[in-house]
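A short worksheet on the structure shown next.
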Amino acid sequence: YFVPGGSRMNATVDEGNDVRTPVYDVIVNDPDGPTNGNPVVRIVGQRNADGDDVFVFYVDMDFEDSPDANSTAHIMTYAPLNYDSCSGGSPMYYLDLEATDGGVVPRRTQQTLVLTVRDINDNPPVFVTSEPAYGNTVVDETHPLGDLIQNYTVTDCDSGANAMSSYSIVAGDFMAEFDVIPTDTGFYLTLRQRIDAETLTNYNLTVQACNVVRPRFCRLTTINVTVLDVPFKIEIRVPSEFVQCKQEFNAWYSPSDAVTMTAWSNNEDEVPGVPQFECRLLKRTDQDCVKGAPIAKTGATCSVTCGTGTIAAYRPVLRPAAGSGKACDPDPSGLTVPCRRAPCPTPAPTTAAPNSSDSGRRRRAAPPGNYFETASPYDQQIGRA
């Protein structure tokens, strides 16, 4: 009989055992002694957890020569046990054992050994790079901080805590703008800081996955991230302001009550399908009066008929007061500006009276000799030439 008795024995063994070393010992006792005893144990059937027949185990017998001898059957393996089903292993095996004694008419007994394989951390995490997300990830520069950008799948043939991994970005994130957050199936990418397409449009992030349980196996992968340039959003938040906008730069239209408007700037890198707006301020409903420099009043007359004078003036209103704005100040009394008429005429020249001393001075100044002084018109008139 098998020790202990019963129809089933249970045992637990770690995966990754050494080949041709016992994973479990089965003891068989036969009181008939060495002659009719010395039972031999063999495996008559072995199945995995799915019920499929396998050929993994064999028996190595160890006999003891005594009247009350026990036989020990060492359960051996042809290959290391593997818990992980994804690599062809099984977490449990069922061995049908049969013990036969040494009598002339052999007697037999059977028992089932259930071997539970205990998982150890012997597999690294694996990035499922066949997924499109690993090819290229796209994010726009207005993506909210902390929100999911993309999920990435990571597998591990181990189970439980042995399959858990930690994730980190080890290269390519120079300004620590990105972060990786663990999930049940891998991790997702998110933002720590704002990104700007005008600064950098492509990132090559190197992500590392490491087992949490020792021994720690680590693997690396590269994620390509493209940043989309988005037109800047403009909000006009002036109370009771009247604006005029045109969509996609076509016809202008004026909202009747544009207290707050949202528009998109005219960006060179427009995103297809996003409406483009341009807005301009028409007028304010609450505004102060603005006057210009003084100018001559229509119909006023210059103070002179020729030359430079003055003319009555006023200050024109460039922007009238509206709503609760400041009213226009009245013009000062007697406000004038310079005015010009045609130049006044120049007075006619007057003739000087004859001077007798003049002719005398002329005659005395005449040089001697044959020089003839030209007579003045006055001298010619009185006959002194």
Side-chain angles (χ1 to χ4, degrees), residues 1-30 34 37-66 68-103 106-126 154-165 210-219:
Y1 59 91
F2 289 94
V3 180
S7 61
R8 174 173 291 194
M9 295 181 292
N10 296 282
T12 301
V13 59
D14 288 338
E15 67 172 330
N17 62 295
D18 293 332
V19 178
R20 301 188 185 280
T21 59
V23 296
Y24 188 72
D25 288 340
V26 176
I27 299 175
V28 182
N29 180 269
D30 192 333
N38 292 331
V40 176
V41 178
R42 66 190 182 99
I43 301 174
V44 295
Q46 46 185 302
R47 301 172 303 281
N48 61 18
D50 296 327
D52 300 324
D53 292 333
V54 295
F55 189 65
V56 178
F57 302 92
Y58 68 95
V59 174
D60 183 18
M61 292 299 304
D62 184 10
F63 300 102
E64 300 213 13
D65 190 10
S66 67
D68 200 17
N70 292 332
S71 295
T72 301
H74 303 294
I75 306 301
M76 317 283 282
T77 62
Y78 290 108
L81 293 178
N82 187 3
Y83 173 92
D84 314 307
S85 58
C86 63
S87 55
S90 174
M92 190 171 292
Y93 292 92
Y94 301 91
L95 278 65
D96 297 327
L97 305 178
E98 182 181 77
T100 304
D101 64 13
R107 299 177 68 88
R108 296 177 175 84
T109 185
Q110 290 187 346
Q111 195 172 52
T112 300
L113 171 63
V114 180
L115 275 178
T116 300
V117 182
R118 187 164 42 222
D119 183 37
I120 64 172
N121 185 31
D122 59 348
N123 291 287
V126 177
V154 180
T155 61
D156 193 316
C157 280
D158 293 320
S159 63
N162 294 325
M164 296 177 63
S165 296
C210 293
N211 292 135
V212 175
V213 176
R214 296 184 181 277
R216 299 184 68 194
F217 299 98
C218 296
R219 291 294 184 269

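Residue numbers run from 1 in the order of the sequence given. Since we're looking at a predicted model, the values are computed, not measured.
- For Arg216, there are no salt bridge (Lys or Arg N to Asp or Glu O under 4.0 Å) partners, not counting sequence neighbours.
- When all heavy atoms of Pro125 and Arg219 are compared, the pair lying nearest together is O-CG, 3.2 Å.
- Between the CD1 atom of Ile120 and the CG atom of Asn17 there is a distance of 9.5 Å, given to the nearest 0.5 Å.
- Considering all non-hydrogen atoms of both residues, Ala99 and Val41 come closest at CB-CG2, 4.1 Å.
- Asn123 and Asp158 are linked by a side-chain donor-acceptor pair at a separation below 3.5 angstrom, with hydrogens and angles left out of the test.
- The shortest non-hydrogen separation linking Val213 to Ala161 is CG2-O, 3.4 Å.
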Let's go through Tyr83 and Arg118 carefully: what are the C-alpha distance in whole Å and the side-chain angles of both, what is the deciding distance for side-chain contact (heavy atoms from CB on, under 4.5 Å) to 0.1 Å, and is it a yes or a no?
CA-CA 7 Å; Tyr83 173 92; Arg118 187 164 42 222; over 6 Å; no

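- Counting heavy atoms from C-beta outward, Asp119 and Asp84 have side chains that approach closer than 4.5 Å.
- A distance of 8.5 Å separates CG of Leu81 from CD of Glu15, quoted to the nearest 0.5 Å.
- The minimum heavy-atom distance linking Val56 with Tyr93 is given by the pair CG2-CE2, 4.3 Å.
- Residues Arg20 and Tyr58 approach most closely at NH1-OH, 3.4 Å, considering heavy atoms.
- No option in Asn121, Asn211, Asn162 other than Asn211 meets the side-chain hydrogen bond (donor to acceptor under 3.5 Å, both in side chains) test with Asp156.
- Here the straight-line distance linking atom CG of Asp25 with atom OG1 of Thr72 works out to 6.5 Å at 0.5 Å rounding.
- Across every non-hydrogen atom of Ala11 and Leu113, the tightest pair is CB-CD1, 4.3 Å.
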